[in-house]
Amino acid sequence: MSDESGDGTEVELEARLEEQDRFEPPESFVEGANVTDEAIYEEFEENWPECWERAADLLSWDEAHDTVLEDGDAPFYEWFTGGELNASYNCLDRHVEDGRKNQAAIKWEGELGETRTYTYGDLLNEVEAFAAALRELGVEEDDVVTLYMPMIPELPIAMLACARIGAPHSVVFAGFSADALATRMNSADSEYLVTCDGYYRRGDALNHKEKADKGLRGVDHDVQTVVVDRLGDELTHFLGNDAHDYDDLVDAHEGATVEPVSRDAEDMLFLMYTSGTTGEPKGVKHTTGGYLSYAAWTSHAVLDVKPEDTYWCAADIGWITGHSYIVYGPLALGTTTMMYEGTPDYPERDRLWELIEKNRVDIFYTAPTAIRSFMKWGEEYPAGHDLSSLRLLGTVGEPINPRAWKWYYKHIGGEECPIVDTWWQTETGGMMITTLPGINTMKPGSAGPPLPGIDAQVVDVEGTPVDPGDAGYLTVQNPWPGMLRTLYDNDDRFLTEYWQEYSDPDAVNRQLTTPHSTESREDADEWVYFPEDGATIDEDGFVTVLGRVDDVINVSGHRLGTMEIESAIVGVPGVAEAAVVGGDHEVKGQAVYAYVILEDGQEPTDDLRERIVDGVEDGIGPIARPEQVVFTPELPKTRSGKIMRRLLEDIASGDELGDTSTLRNPGVVDDIAEQVETD
Ligand code: 6R9
């Protein structure tokens, strides 16, 4: 910007921006926003839980619900009980019936520059054809279908085809390893897999089918596989004994009519595996009525999505963000949702800005790790493009530091777009803490107040709300429609991982044993949801999320369990013990640091280090690749034998070391610190 007039010089403007810690929503945005009346907070509070009918009303139901919230068997809550609907009908047919058959539903761009546009009419046709094909393969209502695909249109098509016939999908991120695929298919007893031959990364064709085949060898039951041909002639399109060609199936069922199956509101829409404290990934169960209402409501209220928008969430559908905010939320609202297959710096570092300019994108939603990369690359890349179509920006996945927030605000939003910093999780189904862009003041670095109807509080170990500015545990004191209902096949773990029954003094939850919160609603105050995040809250009720308080680390917005990585490392021959922690990283937020003890007689060679890195890539995927592998004869342990992870984290981050006096072996800390390179 070269603004020499009015407010002052460029330098003065920079300085003002640096100091400014509050930003009002721009008038131009407020004028047309979906939600602008701040009375909404009170309305939701006074009329809870009936206020959530507003979310349900965004959908078309086959059968209206009898009860908004059923809490008789808490925390196994039910929402919109008695209601019936179909998610694919809500995302497709009803828009076609509204005369919007020719509106673009999905605009896809491949890494090499190919484009495909599916209108709502096209999308419905292909979804019906594939739904008919899945049925013919034997898929019945409630069978879990695993989808192991990158960012190609066939992924949302397969999701919606599953939803149409009432078969829950379980999407496994394409970057996950063969082992990770097998673990998830075994855990969900999934007998169907839809995958593809390969895809492009930085111009190179990756062989995805080979990885899928390797995974299938680890599955303990028979599987029927469908393979999408993404690469054409680039790779031999090898189909195993049982594999079917996606194109053949769709061609054979072209023109098929598949009536959307009416599902109970509480029927499972999908499973999504995520990392927790223990080594086994958790199968988070989301429902048809509550989840879809919540995804649609938050897309409407927070992302301000309108049917005529071109909306772009630059996440991967393999994570919850892509489920809720590339597929279900935007399509339920009948907007145009964009999908991009590739990396943001291929072929050049302005690829995303070029896409925004070309498609006249209205709303852009991405992760802080991406914004930190854009900052590093330089403002000249966005400056070379016309980004004036943008109206609203969003971030998700990890805390955003004020400097990155302001860079995003200035260089992408042109100081004319509000930013929503949205805190939520796989388990919450949709956004929970964020400003409403047409109402609230924004404070860079702080996500904002809890959304209307969400009772989030920051409490101490006693369960008492902390004073403004003090750190504590984030909690959610009321249920909400988008919440997970359980962990697949594991109600016990659902209870122990997320909920604390105040009335039970022996309750299993980690540090927190708590008295009643007097402020809570009487009928629902016994159960509190623990997201496992630390946070502070200020005088205005704005929440700043600090990060995880469990053994989960956040690498480039990807959630990884340290135990899963440790077990992959311990599986490498020659390794006796391993401790994995997250250390600060300029772009990734956190990076993986592995401290490894070798078996007696095993030499600490570079070759072994490589095998350890390979072991992690094979066990989980390249995203979990350790930044450093440090060999050490011992790990710092307390007298009771517990590994002092905090110290290992301090070392990895290059921070001053905390108290070492309670260690059984204090000398080991300096030895380890000497080996670790930090900048
Ligand atoms: C949607 C998603 C959840 C964890 C969550 C928290 C972190 C997400 C955040 C944020 C600070 C934000 N997180 N959004 N931290 N500010 N705006 O990311 O789901 O992959 O399950 O990760 O991500 O630590 O607990 P998921």
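When a ligand or atom number is given, it counts from 1 through the structure's own listing order. The residues of the chain are indexed from 1 along the displayed sequence.
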Check: Which value, rounded to the nearest 0.5 Å, describes the distance between Thr274 atom OG1 and Lys282 atom NZ?
Finding: 6.5 Å
Next item on the list: Can you measure from OG (Ser187) to CG (Leu271) and round to the nearest 0.5 angstrom?
Entry: 7.5 Å
Check: Of Trp319, Trp424, Phe364, which meets ring pair (Phe, Tyr, Trp, His ring centres under 6.0 Å) against Tyr325?
Finding: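 With Tyr325 as partner, ring pair (Phe, Tyr, Trp, His ring centres under 6.0 Å) holds for just one option, Trp424.
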Margin query: Looking at every heavy atom in both Leu451 and Tyr41, which two are closest together, and how far apart are they?
Written below: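 Result for this residue pair: C-CE2, 4.3 Å.
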Next item on the list: Apply side-chain contact (heavy atoms from CB on, under 4.5 Å) to Glu280 and Asn490, showing your working.
Entry: CA-CA 12 Å; Glu280 281 288 296; Asn490 207 340; over 6 Å; no
Contact table, ligand 1 N/O with protein N/O, distance under 3.5 Å:
residue, atom, partner, partner atom, Å
ligand 1, 13 (N), Gly397, O, 3.3
ligand 1, 14 (N), Gly397, N, 3.1
ligand 1, 16 (N), Glu398, O, 3.4
ligand 1, 17 (N), Asp421, OD1, 2.8
ligand 1, 17 (N), Thr422, O, 2.9
ligand 1, 19 (O), Thr426, N, 3.4
ligand 1, 21 (O), Thr426, N, 2.9
ligand 1, 21 (O), Thr426, OG1, 2.6
ligand 1, 21 (O), Arg559, NH1, 2.7
ligand 1, 23 (O), Gly397, O, 3.2
ligand 1, 24 (O), Asp533, OD1, 2.8
ligand 1, 24 (O), Asp533, OD2, 3.1
ligand 1, 25 (O), Gln425, NE2, 2.9
ligand 1, 25 (O), Asp533, OD1, 3.3
ligand 1, 25 (O), Asp533, OD2, 2.8
ligand 1, 25 (O), Arg548, NH1, 2.8

Checklist line | Pairs flagged by side chain to side chain donor-acceptor pair (under 3.5 Å) wherever residues 394-407 is involved - sequence neighbours left out | finding: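 Applying side chain to side chain donor-acceptor pair (under 3.5 Å) to every pair that reaches into residues 394-407, excluding sequence neighbours, yields Arg372-Glu398.
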